[in-house]
Amino acid sequence: MQTRRKSSNVLLNTALQEFYGAADEMGLNERLISILSHSERMMQVSIPVEMDDGSVEVFDGYRVQHSTALGPSKGGIRYDPGVDMDECEALAMLMTWKCSLAGIPYGGGKGGICCDPLTMSRREKERLTRTYAARIEPILGRWSDVPAPDMNTGGQEMVWILDTVSKMRGKLEPAILTGKPVSYWGSMGRNEATGRGVATCGLELMRVLDKNPGSMTAAVQGFGNVGSFTAKTLNDAGVRIVAISDITGSYYSAGGIDIHRAFDTVRANPKKLLEGFEKTGNCEKIDDVLFAECDFLFPCARDGVINSETAGKIRARYIVEGANGPTTPEGEAVLDDAGVMVVPDFLANSGGVIGSYFEWAQNLQGAFWTEEEYNNKLVHIMKGNFRRVWDYSEAKNIKMRRAATMAAIQRVADVSEMRGLFL
Ligand code: NAD
């Protein structure tokens, strides 16, 4: 038996140990455990950039392809001072499981540049992005590795990468990455996709529990991309949203928050925040949205918010994770003891990556779908995925997080077995 990997990097070690734990529980053979605990390809590049003052700085860039067993590796590119190879490897592995569970034909990848984009000018970021793109170009491809935006990157960075690779290859390569602006090979519906998927999981949970959305209450933490569209979709389905929040605070109304007015408030604010909403929104400010009296809680802001200190004060009985990693292992243990049910992040927020797959599929065909087509397909897939994990967890009598991890690993393992060792 090959020695099992450990890492001093917390994120990578957690990803590895979770994988080993689930793999052992499902009785995966050691051959596959060894293969899937390693990344297929890890690329490190140096990125010399001429800064605006004429000096040259050299940045470190990375691209990891954890697995291409199911298809091209898929995963974002982030710009952050904390980016390193271990972080990319951990996140690439998580993308493998997320794509597998989502039922889309993608493997997992992740990349990034160790830099502080907030201190860089637009022209410096363009030079950084284009040189990074040129250096990882050999491993990018619509059938090999398809990046997307992540922390501190967006449509502009994707267009710079696409333009650079297309010029190097002498042909347009729109399907080489996703998250492009709608005006340039992007897709209608993508902006709302993650929140729509999160809400769909919440509504499906109500359905299997035989609860009428019209008599349910919910609180949503975060009113950015994921939180705002989660709240809007739930509200449209009749759920009473009693609390919302962002970095300016938490806002509560027992009779229900006016979600349309919340959108208006954010639109009118230069920083896109809910600042002052207690005055215009007919609601009051409370200490923390996490502790609001409600049936369902949707943490859609950031990681680590449900932890050993906060978990015990949560009053909701059901949690649907919109953010990545909002619950720490210690927080989860507290929730378990209290009998709170959690729909895990990599099932609940997979609408984003499913939407990316839709964009790629349209690009490959040179076709455009209507927003309605996009939304219908998304909801259909999300419902099926939720149901699969729910049934699996019921059949095996295990928590949804473990059920989701096991179902995800199983699909990759089955295909890896069919394809054989020479992958
Ligand atoms: P965003 O920047 O658009 O919004 C984040 C929101 O959270 C903002 O309203 C911010 O004010 C609020 N916030 C931050 N810290 C907070 C705190 N401590 N308490 C309350 N509110 C707080 O980001 P987003 O794209 O909505 O992403 C949110 C989470 O969802 C992240 O964990 C991200 O990794 C995850 N995610 C996003 C997508 C996507 O498609 N955008 C897909 C999958 C997962």
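Just so it is clear, the model here is predicted, and its values are computed rather than measured. Just the heavy atoms: all of them, side chains too, but no hydrogens, waters or symmetry mates, feed the values below.
Smallest separation of non-hydrogen atoms from Val320 and Ala348: CG1-CB, 3.7 Å. In terms of heavy-atom proximity, Pro299 sits nearest to Ile319 at CD-CG2, 3.7 Å. When all heavy atoms are compared, the tightest approach of Cys115 to Pro117 is O-CD, 3.3 Å. Closest approach of Ala69 and Val412 over heavy atoms only: CB-CG1, 4.2 Å. For the pair Leu177 and Val146, the tightest heavy-atom approach, listed with the atom from each and the gap, is CA-CG1, 3.7 Å. For the residue pair Val353 and Cys99, the shortest heavy atom distance occurs at CG2-SG, 4.0 Å.
The backbone N or O of Leu347 lies less than 3.5 Å from no partner atom in the side chain of Lys98, so there is not a single donor-acceptor pair. A distance-only check finds a donor-acceptor pair linking the side chain of Glu157 to the backbone of Gly154 [under 3.5 Å]. Between the side chain of Thr230 and the main chain of Ala199, no donor-acceptor pair closer than 3.5 Å is present. Side-chain atoms of Ser166 come within 3.5 Å of backbone N or O of Glu173 as a donor-acceptor pair.
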Would you check, one step at a time, whether the test side chain to side chain contact (heavy atoms under 4.5 Å, CB included) holds for Leu101 with Asn385? CA-CA 7 Å; Leu101 186 73; Asn385 290 350; 5.6 Å; no
Report the C-alpha separation of Ser7 and Asp86 in whole Å, then their side-chain angles, then the decisive distance to 0.1 Å, and conclude whether the side chain to side chain contact (heavy atoms under 4.5 Å, CB included) test is met. CA-CA 8 Å; Ser7 172; Asp86 286 346; 4.0 Å; yes
Evaluate Cys283 against Tyr251 for side chain to side chain contact (heavy atoms under 4.5 Å, CB included), listing each step before the verdict. CA-CA 6 Å; Cys283 55; Tyr251 305 84; 4.0 Å; yes
Output, in order, the C-alpha distance, side-chain angles, deciding distance and verdict of side chain to side chain contact (heavy atoms under 4.5 Å, CB included) for Phe223 and Ser245. CA-CA 6 Å; Phe223 208 74; Ser245 79; over 6 Å; no
Steps toward salt bridge (charged side-chain N to carboxylate O under 4.0 Å, His left out) verdict (Glu321, Arg401): CA-CA 11 Å; Glu321 296 182 332; Arg401 192 184 306 281; 2.9 Å; yes
Trace of the salt bridge (charged side-chain N to carboxylate O under 4.0 Å, His left out) decision for Lys74 with Asp145: CA-CA 6 Å; Lys74 179 81 203 150; Asp145 189 350; over 6 Å; no
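At a threshold of 4.5 Å between non-hydrogen side-chain atoms, the residues Met85 and Met42 count as touching. Leu234 places a side-chain heavy atom less than 4.5 Å from the side chain of Phe298. A 4.5 Å side-chain heavy-atom check between Phe386 and Thr200 finds every atom pair outside the cut-off. The shortest distance between side-chain heavy atoms of His66 and Met95 does not fall below 4.5 Å. Counting only heavy atoms from C-beta outward, the side chains of Cys88 and Val83 approach each other to under 4.5 Å. Using a 4.5 Å heavy-atom cutoff, the side chains of Val242 and Ser253 are not in contact. Side-chain contact between Val266 and Leu273 is absent, with no heavy atoms from C-beta onward closer than 4.5 Å. Between Ile409 and Ser100 there is no side-chain heavy-atom pair separated by less than 4.5 Å.
Checked for salt-bridge contact, Asp336 and Lys399 meet the test: a charged N lies under 4.0 Å from a carboxylate O. The pair Glu204-Arg387 fails the salt-bridge criterion, with no side-chain N (NZ, NE, NH1 or NH2) lying under 4.0 Å from an Asp/Glu carboxylate O. Between Glu25 and Lys396, none of the side-chain N atoms (NZ, or NE/NH1/NH2) sits under 4.0 Å from a carboxylate O, so this pair counts as no salt bridge. With respect to the salt-bridge test (charged N to carboxylate O, under 4.0 angstrom), the residues Arg122 and Glu126 do not qualify. Between Arg267 and Asp264, at least one side-chain N (NZ, or NE/NH1/NH2) sits under 4.0 Å from a carboxylate O, which counts as a salt bridge. A salt bridge links Arg78 with Glu87: the closest approach of a Lys/Arg side-chain nitrogen to an acidic carboxylate oxygen falls below 4.0 angstrom.
Within a 6.0 Å radius of CD in Glu309, no more than 12 heavy atoms belonging to other residues, nucleotides or ligands are found. Within a 6.0 Å radius of NE2 in His38, more than 12 heavy atoms belonging to other residues, nucleotides or ligands are found. Residue-environment remark: CZ (Arg123) stays at or below the threshold of 12 foreign heavy atoms within 6.0 Å. Remark: Arg388 CZ is packed, more than 12 non-hydrogen atoms of other residues, nucleotides or ligands lying under 6.0 Å away. Environment of CD in Glu372: sparse, with no more than 12 heavy atoms of neighbouring residues, nucleotides or ligands closer than 6.0 Å. The number of heavy atoms from other shown groups lying within 6.0 Å of CG (Asn29) is above 12. With a 6.0 Å radius and a threshold of 12 heavy atoms from other residues, nucleotides or ligands, Lys272 has its NZ atom above the threshold. Within 6.0 Å of the CZ atom in Arg127, the count of heavy atoms belonging to other residues, nucleotides or ligands exceeds 12.
With no hydrogens or angles considered, no side-chain donor-acceptor pair links Asp258 and Asn282 at under 3.5 Å. Side-chain atoms of Asn307 and Glu330 form no donor-acceptor pair, as typed in the model, at a separation below 3.5 Å. Under the 3.5 Å distance criterion, with hydrogens and angles disregarded, a donor-acceptor pair is assigned to the side chains of Glu89 and Ser39. Checking Glu18 against Thr405 by side-chain atom types alone, no donor-acceptor pair falls below 3.5 Å. With no hydrogens or angles considered, no side-chain donor-acceptor pair links Tyr106 and Thr96 at under 3.5 Å.
Note: Tyr132 and Tyr62 fail the aromatic proximity criterion, with ring centroids not under 6.0 Å apart. Remark: aromatic rings of Trp360 and Trp185 are distant, center separation not under 6.0 Å. Ring to ring, Trp369 and Phe358 are close: their centroids are under 6.0 angstrom apart.
In this structure, the separation between CZ on Phe229 and CG on Asp236 is 11.0 Å, given to the nearest 0.5 Å. Summarising the geometry, atom OG1 belonging to Thr370 is positioned 8.0 Å from atom CG belonging to Asn376; distances are rounded to the nearest 0.5 Å. To the nearest 0.5 Å, atom OG1 of residue Thr164 and atom CZ of residue Arg169 are 11.5 Å apart. A distance of 4.0 Å separates CD of Gln362 from OG of Ser187, quoted to the nearest 0.5 Å. For the atom pair Leu140 CG and Met168 CE, the distance stands at 9.5 Å (nearest 0.5 Å). To the nearest 0.5 Å, the span separating CE on Met216 from CD1 on Ile241 amounts to 12.5 Å.
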Identify all side-chain donor-acceptor contacts of residues 285-293 below 3.5 Å with residues at least two apart in sequence or on another chain.
residue, atom, partner, partner atom, Å
Lys285, NZ, Thr248, O, 2.8
Asp288, OD1, Leu290, N, 3.0
Glu293, OE1, Arg315, NH1, 3.0

Enumerate donor-acceptor pairs with a distance under 3.5 Å from any side-chain N or O in residues 190-198 to protein atoms, sequence neighbours excluded.
residue, atom, partner, partner atom, Å
Asn191, OD1, Asn225, ND2, 3.0
Glu192, OE1, Arg196, NH2, 2.6
Thr194, OG1, Gly352, N, 3.4
Arg196, NE, Asn375, OD1, 3.4

